[in-house]
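Below is one structure, written out as structure tokens; comments come after it.
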2 protein chains.
Amino acid sequence: MENKENFGQAASPAARERPTLKTIAFMTGLGVTTVSRALKDAPDIGAETKERVRMVARQLGYQPNRAGVRLRTGKTNVIALVLSIDEEIMGFSSQMVFGISEVLSGTPYHIVVTPHSHSKDPMLPVRYILDTGSADGVIISRIEPDDPRVRLLTERGMPFATHGRTDAGLTHPFHDFNNEAFAHQAVERLVKRGRRRIALLQPPSKLTYYAHIRIGFQTGLHDYGAEEVPLRVNSDAPLADIRDVVEVMMRSPNAPDGIVCSAGSAAIAVNAGIEAAGKALGRDLDMVSKQSVPILNWIRPEIITVQEDVRQAGREMAKAVIARIDGVEPELLQSISQPIWPEGGR
Amino acid sequence: MENKENFGQAASPAARERPTLKTIAFMTGLGVTTVSRALKDAPDIGAETKERVRMVARQLGYQPNRAGVRLRTGKTNVIALVLSIDEEIMGFSSQMVFGISEVLSGTPYHIVVTPHSHSKDPMLPVRYILDTGSADGVIISRIEPDDPRVRLLTERGMPFATHGRTDAGLTHPFHDFNNEAFAHQAVERLVKRGRRRIALLQPPSKLTYYAHIRIGFQTGLHDYGAEEVPLRVNSDAPLADIRDVVEVMMRSPNAPDGIVCSAGSAAIAVNAGIEAAGKALGRDLDMVSKQSVPILNWIRPEIITVQEDVRQAGREMAKAVIARIDGVEPELLQSISQPIWPEGGR
DNA sequence: CATTTCTACTGTATCGTTACAGATTGCGCT
DNA sequence: AGCGCAATCTGTAACGATACAGTAGAAATG
């Protein structure tokens, strides 16, 4: 019992090595197995022993070695966040990261960010994660109605949550913003201000929420008696393009008197286009925009804004993935946040 | 040689398991050790054997198991990015993440984001990383002149890079923006437009670049013959506070006719304060601001902007940490990016 | 021909953890 | 006394990779 064993700092008292189960086993006089099971509160370990082990562990500042756990059990304690590099102009994804990490900070999970350009194959990062087993759960965004990533992740049984919904009979955890309600209510706000000819800066049509925005917008037009002025550009386009197209539209004889904008960064370009055409918000027209970071009102207080709380989305998705990892049914892990209009929606 | 061995998919051809060294060893008829050494191009392995091993490995899509490597060697293949949650309003940190991951994408490194609120102890995440050995390298920002994190990381021999410099005889890899030149040149631009009474929205005084900004600003005032109008708020303050303070300042009899602003998000609030006081940029005063995301000019084209390329900073720091991990001397891993004024600095 | 030297390869132990199959003890019951 | 059984605890063998200390065979040396 004293031949070639090595008990962490027991060997060299000065160089405090990181404690392992073996260290605790040595200190308590128990076997490593017992210590391991005591720390996970297994039923076949005595109450007093558990207490003793926990005390020593706490005292030593024991933290399980992630590589050991991962090698033995396959559990990585990692949540992978797959981000599209290009979607980002205004801190959208940082807010999401912060929201996620708020939730993860109380858990053993780490967050690994896996960015990719959506000009490349969006399946690549997902396939990498699946093939290498490098995460216990995945969070993805920019969801399409029949998203191949969702299909693949489901098929392979990898827990995940999405920012946005699918639309092809796929059941999975998600968090989404109620874009339909947003667009509908946006039209309502504009009509209440006497606007009737409304343009929509919509997301790219391949994303699921394109349809949500469209439906909300169109039922809004119908319900409140307004008409659409077509806008031939989407919110993913370069800001300069958006501005130019909006400027042309605003100079044309049938310029709209209202605009609904589905992204905060795009709203900045829309505003620039409006001003370039010599029009003024609040006078010649009104604009409603969604934003994820509250800056539009600093720029033009006249813009009617709705906050989409991306940080909250991050929190929800993190909770959902973890719950999914813990075996909770996907159906129970779906949430939709409602648009909130400042000042009671005046 | 055929008792209880298990060679990956050799056992069950249908269920393609992840290949390991053992799989390759089986396929090539070599020992695992040989395969391991062949893949790392060790000198004691025959050229032909190496080629054969590499072929099979490629064919199988072999990827080393990270947990195995990490457990045995201690190498995590992780770079930890420590982010301050509060510093973020406008996509600053996302850009940094993207820059870093651009560089890491060609390497075995993953990026783990470790956010923390700077109201809490900023040492916590760093200590955690050191104590658990959860990364091979660290990237930190919001550097102070005698930053305790830098001290600790250096002392413990953990490779790292900083966004910003220290000022206490500590030698370490960093990337920084030349804030001194920025402030100096900002004053120059303002004076060239006939402005002489200049206010500075400066960073919090505890950060190192506060001094850089101050020095550049003051030598600028001196060199170009202008004077400072004091501004009693810093760029970390809530936007509403900044706006209010600026508004009061702009209404006062000795309002400045120029403002230098050291952060893009703050510039938005400064602009709001100016407009709230009934003043107009370009007419009553001019403003120069640094920005990390090009949006200020969309808001007010009159704002004179300088781009601080945070994505590039991320790239530089990622390269620096990896070089440091590979043993390159810190002295060789320091870089400073110069302010670039659009249109040749008109 | 015996011995050294070199090349090319291999077995074993180990990193920290956990699954699994025991082992030990005490106690009640017949 | 013998047996079964529950309550506790433990040793061993993995997980996948690599450091280290070999070994086998061929070639060079004296």
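Residue numbering restarts at 1 for every chain, and letters A, B, ... go by the order of the sequence lines.
Using cut-offs of 30° and 60° on the angle between ring planes, the pair B/His110 and A/Tyr128 is perpendicular.
Residue A/Arg66 contributes atom CZ, which lies 17 Å from atom C1' of D/dC15 at whole-angstrom precision. Here C/dT17 presents its C1' atom at 14 Å from CZ of B/Arg70, a figure rounded to the nearest Å. Between the P atom of C/dC20 and the CZ atom of A/Arg37 lies a distance of 10 Å, rounded to the nearest Å. B/Leu21 has its CG atom 14 Å from the C1' atom of C/dT10, to the nearest Å. The NZ-P distance, from A/Lys50 to D/dA7, rounds to 12 Å in whole Å. Spacing between atom CG of A/Asn77 and atom C1' of C/dT17 amounts to 13 Å, rounded to whole angstrom units. Rounded to whole angstrom, the span from the CD1 atom of A/Ile24 across to the P atom of C/dT17 amounts to 8 Å. To the nearest angstrom, P of D/dA6 lies 17 Å from CD1 of A/Ile45.
Atom CE of B/Met55 has 12 or fewer heavy atoms from other residues, nucleotides or ligands within 6.0 Å.
When the nucleotides D/dA17, D/dT8, C/dC15 are ranked by their closest atom to the side chain of B/Tyr62, D/dA17 comes out on top. Of the candidate nucleotides D/dT18, D/dT8, C/dT18, D/dT18 has the atom nearest to the side chain of B/Ser36.
For A/Thr20, no side-chain nitrogen or oxygen approaches OP1 or OP2 of C/dC15 to under 4.0 Å. Put simply, A/Lys40 has a side-chain N or O that comes within less than 4.0 Å of OP1 or OP2 on C/dT18.
Looking at A/Arg156 and A/Asp131, a side-chain N of the basic residue comes within less than 4.0 Å of a carboxylate O on the acidic one, giving a salt bridge.
Among the atoms of the strands shown, base atoms are found under 4.0 Å from some heavy atom of A/Thr33. Heavy atoms of A/Thr34 sit under 4.0 angstrom from at least one base atom.
Below the 3.5 angstrom threshold, one finds a donor paired with an acceptor across the side chain of B/Arg72 and the base of D/dT18. Not a single donor-acceptor pair, N or O on each side, falls under 3.5 Å between the base of D/dC15 and the side chain of B/Asn65.
Not one N or O on the side chain of B/Gln312 forms a donor-acceptor pair closer than 3.5 Å with the backbone of B/Gly99.
Mapping B/Leu71 and B/Leu30 onto DNA chain C by nearest heavy atom places B/Leu30 closer to the 5' end of the strand. Along DNA chain C, the nucleotide nearest to A/Pro64 and the one nearest to B/Gly31 differ in position, and the one closer to the 5' end is contacted by B/Gly31.
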Given A/Arg142 and A/Asp147, is the salt bridge (Lys or Arg N to Asp or Glu O under 4.0 Å) satisfied, shown in steps?
-> CA-CA 9 Å; A/Arg142 292 184 67 87; A/Asp147 199 295; over 6 Å; no
